[in-house]
> 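I'd like to ask you about the structure that follows.
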Protein chains: 2
Amino acid sequence: MADIAKAVGVSAMTVSRAFRGDEGVNPQTRARILAKAEELGYVFDATAASLRQNRSGFVAVTVPSINNANFAETVRQLSRGLSRNGLQILLANTEYDPEEEERLIGQLLRRKPEALVLTVGDYTRRTRQMLRATRIPVIEIWDLPAQPIRHVVGFSNTACIGRLVDHLVASGYRDIAFIGGESPRDPRGGQRRRGFVEAMRRHGLDDTRLVPAGTAPVGMAEGAQALGALLDSQPETRAVVCVSDLVAFGVISECQRRGIGIPGDLAVAGFGNYEIGRISVPRLTTIDVHAGSIGSKAADLIVALLRQDSDAAPARIEIQTDLIVRESSA
Amino acid sequence: MADIAKAVGVSAMTVSRAFRGDEGVNPQTRARILAKAEELGYVFDATAASLRQNRSGFVAVTVPSINNANFAETVRQLSRGLSRNGLQILLANTEYDPEEEERLIGQLLRRKPEALVLTVGDYTRRTRQMLRATRIPVIEIWDLPAQPIRHVVGFSNTACIGRLVDHLVASGYRDIAFIGGESPRDPRGGQRRRGFVEAMRRHGLDDTRLVPAGTAPVGMAEGAQALGALLDSQPETRAVVCVSDLVAFGVISECQRRGIGIPGDLAVAGFGNYEIGRISVPRLTTIDVHAGSIGSKAADLIVALLRQDSDAAPARIEIQTDLIVRESSA
DNA sequence: ATGAAAGCGCTAACAG
DNA sequence: CTGTTAGCGCTTTCAT
């Protein structure tokens, strides 16, 4: 910046102002500065600006897995909403591991992010401590925890599964099983499993058909395998709710291999409204959680929180979810 | 840091050394410093350290879409390899848009990353200029461009499709179509389409069965739709190669809806070895590009390049790919 | 519309 | 093993 100042014959301060689009700079001077910067191959140093302004322009985000279409969509929309306001995402993958999450959050905080977005999880003691100590806004997403750290943008995983069960019961199904959600590493899966148990009890039905799907992240292969386990242990089952659409698709494909008709012999429901559920044969009944909307709402919240300097009351933004009934349970 | 220094009764320099695990610090002093830091809720400021050390610890990465299991896996392994060496990823999504890519790269460079990883694309003029001007290592991934910017970690999309065509021809197929790759926004898709045309010519077969799948990113829905178009225009087709497994799955599901047997009536091949191809009925013939390995190899390269201060010769690391023959073409 | 001085929080370099 | 000094590249503040 000093080089440009010297070359153009102004002070560094004027160069700085020119770069930030400050009004009070002579348009001609400004043009000469930008031209010289281009000529010299100058690249603005955001690190120095951050240090001086005490504003990093970063928002730190942790997700359990980036390799998941729904989390990816949340991050995508979050990124969109933030970039419009000059904020950039600093993304970290916890791999569904609370210890790794603790390590990553520690690293992220050193970069002085202006806000921290976390996918709800079972935090370690030290993580909780860091989250309590930090003065930046903390936003938990993808669930509605009973005791949130501070702000929340999410939906009730438990209630969503309840709606699926209600739908199946209303359609006449009684012998219903649930696949997944037993992994201690996936709290959202656990909430869904709990939602299943609660809903079945509410209807006075057998709530013990719980089939494990393995350690998170669980995918299609785990679904296919779990169907085998289900048929072995509970062959009278007539409907199955899965912890995600990916698991449900595994179930569908395994049924096709075994000649089990869906929904004739077995109704299937998933969770998350992934693309596969719209294309599979049969199409999949599921819950649309509007993953993108979680991201954009969180972005809006962050922007609003950063505008006001005073601490706002904890926000609790509930995302609307939709039951989508398709051929797999109709 | 000054506060801690005062509270403990040492200089800021000693605090700094204690934090970086410098050997030459009295273990007792060190312990007292860390305890006091904990007590005061001190968080190290990586921005200030970056500015002073002229090392940001960032590696900038652009991908066309984070919402793609293969790119996500590359980023995941890249992140792993880098974090072991104290480097953090600064990720940006180009959304398959060269203009957006230009904007993002400009933003990323201001953060002074120590290296830049790009998914090969058709760069804008200004992007090329920035890439030429920067002094940090630039690594292109996911293809082997004829004229790389500098370093490359990838594979030949063209050659991979050639292997698929060879396999189909060897299996007796002659009337073969290709779905996808016409989108100007997806250079890798274009390379695959070109690979198809070249391979068909090589075999002296009709190379004009090219079905568009729409603007990138193309997914399952586009595949299902393209199958309809293919049957309308080229009903004598006996095998189809798709630009990705997702498109291929769309084809498979649409065939199932229409009662078209795979591979009896139509053989299908995909690209990328996504999870779906291992679970679908029938299982999908495809090319495994080892997406994760692209990431880990790129990480290794970056670490090696940063260790040496001198400019190394451009690296060209070719990733091994595998033809996986499954039921859809057997 | 522009400039001079000071300083953000850390660490390189040197000294002891 | 510890301390002092200076400065990374920018921007705040105050002055003109």
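Hydrogens, waters and symmetry mates play no part in the numbers below; they use all other heavy atoms, side chains included. In what follows, chains are A, B, ... by sequence order, proteins preceding strands, each numbered from 1.
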> Without swapping roles, check the side chain of A/Arg188 against the backbone of A/Val120 for a donor-acceptor pair under 3.5 Å.
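Present.
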
> Quick check: on DNA chain C, is the nucleotide nearest B/Phe19 upstream (toward 5') of the one nearest A/Val25, or the reverse? Name the residue that is more 5'.
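Going by which nucleotide is closer to the 5' end, it is A/Val25.
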
> What's B/Asp45 touching, base or sugar-phosphate or nothing? Going by heavy atoms closer than 4.0 Å.
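Sugar-phosphate contact only - B/Asp45 comes under 4.0 Å of backbone atoms but never of a base.
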
> In terms of the nearest nucleotide of DNA chain D, which residue is placed more toward the 5' end: A/Ala48 or B/Thr29?
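Its nearest nucleotide lies further toward 5', so the answer is B/Thr29.
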
> Should B/Ser16 be listed as having a side-chain N or O under 4.0 Å from OP1 or OP2 of C/dT11?
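The answer is yes; a side-chain N or O of B/Ser16 sits under 4.0 Å from OP1 or OP2.
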
> Between D/dT4, C/dA12, C/dG7, spot the one nearest the side chain of B/Arg20, thanks.
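When the side chain of B/Arg20 is considered, C/dA12 is the closest of D/dT4, C/dA12, C/dG7.
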
> Without decimals, in angstroms, what is the distance between A/Met1 CE and D/dG7 C1'?
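Those two atoms, CE and C1', are 17 Å apart.
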
> Tell me whether the OP1 or OP2 atom of C/dC10 has a side-chain N or O from B/Gln53 closer than 4.0 Å.
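For C/dC10, neither OP1 nor OP2 has a side-chain N or O of B/Gln53 closer than 4.0 Å.
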
> NZ of B/Lys112 versus P of C/dC10: gap in Å, rounded?
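Roughly 21 Å, once rounded to whole Å.
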
> Would you kindly say whether A/Ser293 and A/Ser296 are connected by a side-chain donor-acceptor distance under 3.5 Å?
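Side-chain D/A pair, A/Ser293 to A/Ser296: absent.
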
> Does A/Arg76 make a cation-pi contact with A/Phe71 (under 6.0 Å, within 45 degrees of the axis)?
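Ring-cation test returns no.
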
> Please state how far atom CD1 in B/Ile33 lies from atom C1' in C/dC10, giving the value in whole angstrom units.
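In whole Å, C/dC10 C1' and B/Ile33 CD1 are 15 Å from each other.
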
> For a quick test of reading the model: is some side-chain N or O of B/Ser11 closer than 4.0 Å to OP1 or OP2 of D/dT2?
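No, B/Ser11 has no side-chain N/O under 4.0 Å of OP1/OP2 on D/dT2.
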
> Pick out which of B/Asn70, B/Val153, B/Ile317 makes a side-chain contact (heavy atoms from CB on, under 4.5 Å) with B/Ile294.
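The option that passes is B/Val153.
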
> Indicate whether OP1 or OP2 belonging to C/dC8 is found under 4.0 Å from a side-chain N or O atom of A/Ser50.
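No, because none of the side-chain N or O atoms of A/Ser50 sits under 4.0 Å from OP1 or OP2 of C/dC8.
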
> For B/Arg111 and D/dG9, give me the distance from atom CZ to atom P, rounded to whole Å.
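Checked: the CZ to P distance equals 17 Å.
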
> Using only atom types and a distance under 3.5 Å, with no angle test, would you say the side chain of A/Arg185 pairs donor to acceptor with the backbone of A/Ala216?
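Present.
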
> Can you tell me how far C1' of C/dC10 sits from CZ of A/Arg52, to the nearest Å?
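Rounding to the nearest Å, CZ of A/Arg52 and C1' of C/dC10 are 15 Å apart.
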
> Using whole Å, report how far CG of B/Asp3 lies from C1' of C/dC8.
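Rounding to the nearest Å, CG of B/Asp3 and C1' of C/dC8 are 14 Å apart.
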
> Starting at atom CZ of A/Arg55, determine the distance to atom C1' of D/dC10, rounded to an integer number of angstrom.
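Those two atoms, CZ and C1', are 14 Å apart.
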
> In whole angstrom, what separates B/Asn54's CG from C/dA13's C1'?
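Spelled out: CG on B/Asn54 to C1' on C/dA13 is 16 Å.
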
> Looking only at the side chain of A/Phe44 (C-beta and beyond, no hydrogens), which of the listed nucleotides D/dT2, D/dC8, D/dT11 gets closest?
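Nearest nucleotide to the side chain: D/dT11.
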
> Looking only at the side chain of A/Leu51 (C-beta and beyond, no hydrogens), which of the listed nucleotides C/dG9, D/dT2, C/dG7 gets closest?
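The answer is C/dG9.
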
> When you get a sec, tell me which of D/dT2, C/dA1, D/dC10 is the closest nucleotide to the side chain of B/Asn26?
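Comparing D/dT2, C/dA1, D/dC10 against the side chain of B/Asn26, the answer is D/dT2.
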
> Is A/Arg17 near enough to D/dT11 that one of its side-chain N or O atoms lies under 4.0 angstrom from OP1 or OP2?
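Negative; the distance criterion is not met.
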
